[in-house]
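What follows is a single structure, written as structure tokens, with notes after it.
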Protein chains: 2
Amino acid sequence: MLLAAAMEVVDTHGAGAFSMRALGAFLDVDPTAMYRHFATKNALLDALTDTVIRGVEELPETDDPRRDIRENFRQLRRSLLAHPTLAPLVLRRPPGVGAYWERADHAVAQLHRAGMDPADAANVYQTLLFYTLGHTLSEARQLARAVEREGAGARGGPVAAVRPPAEHHPDLSDAAPHLREENEAQFLAGLDLILRDLPR
Amino acid sequence: MLLAAAMEVVDTHGAGAFSMRALGAFLDVDPTAMYRHFATKNALLDALTDTVIRGVEELPETDDPRRDIRENFRQLRRSLLAHPTLAPLVLRRPPGVGAYWERADHAVAQLHRAGMDPADAANVYQTLLFYTLGHTLSEARQLARAVEREGAGARGGPVAAVRPPAEHHPDLSDAAPHLREENEAQFLAGLDLILRDLPR
DNA sequence: ACCTGAACACCGTTCAAGT
DNA sequence: ACCTGAACACCGTTCAAGT
């Protein structure tokens with residue numbers, strides 16, 4: 001399928017190296033043949049990002065709303081990190097686009113179940129979504145650079161330590177060691193911070 | 001100054017239309033003359049994004065830490081929205097880059113002053129930063145599309161309502177009206193959610 | 001020290017022509 | 001219905017040459 005081939009090219013060489021000509025070469029087809037199926041390169045990229053937002057995992061339905069919400073956003077994070085060079089392009093999709101509906105409805109339903117009114121649920125959902133996007137897209141950056149340099153499967157070096165000039169930023173250097181923690185744990189800590197009023 | 005001219009071209013026609021040739025035409029200079037001052041187009045864009053992260057406003061120092069922290073991130077939001085087509089490119093800058101230090105130190109210092117230990121302060125800071133980036137870059141998208149269509153100063157239409165197919169997403173449609181609120185208020189509500197344990 | 005201009009190896013997209 | 005191939009109007013970047 002055309003989208004699958006496009007995703008393979010993106011994951012192998014990075015979204016920066018993706019072009020209609022590169023995709024044509026991969027499919028052994030004239031570079032202009034794709035215009036029968038997608039009006040523009042942008043439309044093709046939008047379709048790719050929608051499949052990343054949607055992901056491949058089932059949304060969980062247990063009896064623990066807090067756990068289910070956490071898992072919803074962990075899934076989004078995993079899907080974005082699986083395609084790190086494509087991840088930043090999800091920002092071109094409005095949050096009202098189809099691919100987000102399932103996640104939005106799932107999260108809002110769990111928040112409702114946990115006793116929140118619609119206004120609070122909407123606020124918490126959006127905060128979780130934007131936090132997840134900001135955190136994960138920042139995280140994807142270093143992974144993406146490794147892919148664009150070394151090709152698919154690159155692991156990206158160890159997370160660089162944050163080293164501010166100590167003389168100028170005394171408070172920051174006390175906190176700096178904690179800014180370097182492993183990213184998954186850091187991500188979950190932020191989720192829990194936002195969800196800390198939910199029953200656990 | 002070269003950077004100021006580049007920023008003007010970006011703000012007028014959008015980052016998508018920015019090219020070395022366009023900048024050369026704007027400055028009435030050969031398109032390759034810029035390579036004396038910046039090694040690549042990417043280096044030039046990185047310098048531009050750093051000035052956006054830094055912004056033009058003074059960080060506040062009142063006797064209210066919570067207020068100062070809110071203002072820190074509102075400043076970042078305002079600066080990003082002032083250059084909406086450039087905003088997504090801040091994701092290429094690692095959070096440890098120079099332009100973030102001032103904001104990081106300021107926020108961590110205020111959190112410390114409010115009684116937080118370094119580990120909690122680091123967690124809250126990162127959550128606030130990534131939330132702000134996610135929220136603001138999503139918000140910048142519609143502004144950016146207006147600029148790329150109509151040129152500088154475009155206001156971008158009213159915020160599109162989120163209209164999920166009601167039959168499929170009952171919980172979401174209860175919350176949907178609250179997803180459409182004016183963006184500044186929504187942004188601040190998220191900040192307060194993350195900061196709700198701070199003394200006010 | 002800085003700018004110029006030709007050149008190279010690319011782009012996205014259109015369109016007439018083929019099967 | 002789908003693919004081809006030439007063509008158009010662009011790119012970033014290098015490098016020898018000029019002042």
Side-chain angles (χ1 to χ4, degrees), chain A residues 1-52 83 85-86 88-93 141 144-145 147-152, chain B residues 1-52 83 85-86 88-93 141 144-145 147-152:
Chain A
M1 210 268 227
L2 212 169
L3 274 184
M7 190 70 92
E8 192 171 337
V9 172
V10 165
D11 287 339
T12 312
H13 301 104
F18 175 79
S19 69
M20 299 306 253
R21 282 171 163 89
L23 179 55
F26 180 84
L27 290 170
D28 251 319
V29 111
D30 190 272
T32 65
M34 272 78 69
Y35 287 85
R36 285 282 142 189
H37 309 278
F38 289 89
T40 64
K41 182 191 177 188
N42 274 340
L44 207 165
L45 287 175
D46 284 346
L48 283 181
T49 59
D50 282 353
T51 73
V52 172
H83 310 280
T85 70
L86 194 59
L89 301 187
V90 303
L91 288 175
R92 309 190 319 176
R93 310 302 286 148
R141 183 194 44 82
R145 283 162 85 97
V147 169
E148 307 239 315
R149 251 199 333 265
E150 304 155 32
Chain B
M1 212 268 229
L2 212 169
L3 275 183
M7 191 70 93
E8 192 171 337
V9 172
V10 165
D11 287 339
T12 311
H13 301 105
F18 175 78
S19 70
M20 298 308 252
R21 282 170 163 88
L23 178 56
F26 179 82
L27 291 170
D28 251 318
V29 113
D30 191 272
T32 67
M34 272 78 69
Y35 287 84
R36 287 280 141 191
H37 309 279
F38 290 89
T40 63
K41 181 190 178 188
N42 274 341
L44 206 166
L45 287 174
D46 284 345
L48 283 181
T49 59
D50 282 353
T51 73
V52 172
H83 309 280
T85 70
L86 194 59
L89 302 186
V90 302
L91 288 175
R92 311 190 318 178
R93 310 303 285 151
R141 182 194 44 82
R145 283 161 87 97
V147 169
E148 307 240 316
R149 251 198 334 265
E150 306 155 31

Checking L2(A), V52(A), T12(A) against M7(A) for side chain to side chain contact (heavy atoms under 4.5 Å, CB included), the one that qualifies is V52(A)
Here the pair of heavy atoms bringing R141(A) nearest to L91(B) is CD-O, 2.9 Å
Determine whether L44(A) and L23(A) make a side-chain contact, defined as any pair of heavy atoms from C-beta on separated by less than 4.5 Å.
yes
| said: Suppose we call a contact any N or O donor and acceptor under 3.5 Å apart; does that hold for the side chain of T32(A) and the base of dG5(D)? | reply: yes
Taking the C1' atom in each of dA1(C) and dA17(D), what is the distance between them to the nearest angstrom? 15 Å
Taken to the nearest whole Å, CZ/R21(A) to P/dG5(D) is 14 Å
Inset, instruction - Would you mind reporting whether F18(A) and H13(A) have side-chain heavy atoms less than 4.5 Å apart? - result: no
R36(A) atom CZ is separated from dG18(C) atom C1', nearest whole Å, by 12 Å
- Task: Taking only the side-chain nitrogens and oxygens of H37(B), find out if one of them lies under 4.0 Å from OP1 or OP2 of dC3(C).
- Result: yes
Closest non-hydrogen atoms of T85(A) and A15(A), given as atom of the first, atom of the second and distance, are OG1-N, 2.9 Å
Between D30(B) and T32(B), a side-chain donor and acceptor under 3.5 Å: yes
Here the distance between atom P of dT13(D) and atom NZ of K41(B), to the nearest Å, is 8 Å
Taking pairs as Watson-Crick (N1-N3 plus N6-O4 or O6-N4) or G-U wobble (N1-O2 and O6-N3), each distance under 3.5 Å, the stems of three or more consecutive pairs with DNA chain C are C:4-8 with D:12-16, C:12-16 with D:4-8
Check every strand shown and say whether T40(B) touches a base, only sugar-phosphate, or nothing at a heavy-atom separation below 4.0 Å.
-> sugar-phosphate
Between CZ of F18(A) and C1' of dG12(C) the distance, given in whole Å, is 12 Å
The nucleotide from dG12(C), dT4(D), dC2(D) with an atom nearest the side chain of S19(A) is dG12(C)
To the nearest angstrom, the OH-C1' distance between Y35(B) and dA16(D) comes to 17 Å
In whole angstroms, the gap separating C1' of dT13(D) from CZ of F38(B) amounts to 16 Å
Quick note, D30(B) side chain, CB onward, closest among dG12(D), dT4(C), dC2(D) is dT4(C)
M20(A) atom CE is separated from dT4(D) atom P, nearest whole Å, by 14 Å
Would you indicate whether the side-chain heavy atoms of D11(A) and L86(A) approach each other to under 4.5 Å? no
Atom CE of M34(B) and atom C1' of dC11(D) are separated, to the nearest Å, by 13 Å
